Amino acid sequence: MNLKDALYTRRAVRDFTDAAIDDAAIRQLIDAAIQAPSAMNEQPWSFVVVRDKALLDRISAEAKAQMLRTTPAGLLSHHFQETLGNPKFHIFYHAPVLVVIAAKNDGPWGTIDCALAAQNLMLAARDASLGTCWIGFAQGWLATAEGKAALGLPPGYVPVAPIIVGHPKVAPPPVARKEPEIYWK
Ligand SMILES: Cc1cc2nc3c(=O)[nH]c(=O)nc-3n(C[C@H](O)[C@H](O)[C@H](O)COP(=O)(O)O)c2cc1C
């Protein structure tokens, strides 16, 4: 697949088949991720590959509970309150794999560098006919001491991009883009 096709057809995928993904395929996605540019070439990223279903279920439950507990009532819409309170809602949509890209320090560029690596990973997945979705819902709890311990990350690391990976059940339809605001000078 050429780059333009990958860019224009990558979608957030939230419905996966039961098919597993082998470690070599994940390794290829990580190799693509680390081709991203990084400030001062620090390459400050690390990758946690979670395939353990019990751990995925635990992170989903902890993250939902934490968001309900900590988000100020005014900021949580009725829809989100209902979604997060629904025991059947799994924030990872039962994807077989979660890759968490974490910055090795909380310096000014780590988050940006990891986000660039994340986009590379998502585009490489599209090229490999795999589906991905960045799961921001997981970020709050993963950033806690308990969350980092669950991932086996040192306390100084910063989880930036939790990305689920799986075989898409269906190709999601295109998602419209707003007209970009552009200031020509
Ligand atoms: C930082 C970030 C956080 C996101 N968090 C979630 C999430 O928690 N759950 C979810 O289903 N999708 C999440 N998404 C996916 C977006 O909803 C999706 O990218 C957006 O609707 C545009 O659709 P597209 O990716 O198919 O173009 C997130 C995307 C980004 C970039």
Side-chain angles (χ1 to χ4, degrees), residues 1-17 29 32-33 36-37 44-45 47-48 50 55-72 75-103 106 108-144 147 150-151 157-181:
M1 178 178 288
N2 70 34
L3 176 61
K4 192 172 174 195
D5 286 342
L7 279 169
Y8 280 78
T9 62
R10 180 216 51 81
R11 292 271 72 80
V13 173
R14 302 182 177 91
D15 201 2
F16 300 96
T17 71
L29 299 186
W45 35 62
F47 300 83
V48 184
V50 185
L55 181 53
L56 292 168
D57 292 348
R58 177 180 166 217
I59 299 171
S60 175
E62 298 271 19
K64 284 161 63 182
Q66 198 233 19
M67 275 184 287
L68 284 172
R69 220 171 36 238
T70 60
T71 313
L75 291 183
L76 208 57
S77 70
H78 179 66
H79 168 71
F80 275 113
Q81 219 157 343
E82 250 186 20
T83 304
L84 294 172
N86 179 353
K88 288 203 174 129
F89 175 66
H90 198 289
I91 66 166
F92 300 131
Y93 307 101
H94 304 286
V97 177
L98 168 72
V99 179
V100 181
I101 307 180
D106 62 357
W109 306 111
T111 304
I112 294 167
D113 296 336
C114 287
L116 290 167
Q119 176 72 336
N120 269 19
L121 188 147
M122 291 189 283
L123 290 173
R126 174 69 193 117
D127 182 47
S129 299
L130 293 169
T132 58
C133 186
W134 181 316
I135 304 296
F137 272 166
Q139 280 172 253
W141 187 75
L142 288 178
T144 65
L151 294 176
Y157 281 35
V158 182
V160 174
I163 298 175
I164 51 173
V165 186
H167 294 277
K169 227 178 223 171
V170 288
V175 177
R177 282 337 194 220
K178 299 173 187 167
E179 264 308 298
E181 193 173 304

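Just follow the structure's listing: the first ligand is 1, and inside any ligand the first atom is 1. Just so we're clear, the structure is a prediction, and the values are computed from it rather than from any experiment. What you see below is based on every heavy atom in this structure, not just the backbone, and it leaves out hydrogens, waters and symmetry mates.
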Side-chain touch Val165/Pro96, heavy atoms, less than 4.5 angstrom: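 Contact flag for Val165/Pro96 side chains = no.
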4.5 Å side-chain heavy-atom contact, Thr132 and Val13: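 They are not in contact (no side-chain heavy atoms under 4.5 Å apart), so the answer is no.
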Residues in side-chain contact (heavy atoms from CB on, under 4.5 Å) contact with Ala150, at least two apart in sequence or another chain: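 With sequence neighbours excluded, Ala150 shows a side-chain contact (heavy atoms from CB on, under 4.5 Å) to Leu55, Arg58, Trp141, given in chain and number order.
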Ring geometry between His94 and His90 (parallel below 30°, tilted from 30 to 60°, perpendicular above 60°):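 It falls in the tilted class, 30° to 60°.
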Close residues, ligand 1: non-hydrogen atom nearer than 4.0 Å: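 Residues within 4.0 Å of ligand 1: Arg10, Arg11, Ala12, Arg14, Tyr93, Cys133, Trp134, Ile135, Gly136, Phe137, Val175, Arg177.
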Steps toward side-chain hydrogen bond (donor to acceptor under 3.5 Å, both in side chains) verdict (Trp134, Gln139): CA-CA 10 Å; Trp134 181 316; Gln139 280 172 253; 2.8 Å; yes
Ring centres under 6.0 angstrom apart (Phe16, Phe92):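 So the answer is no for these two rings.
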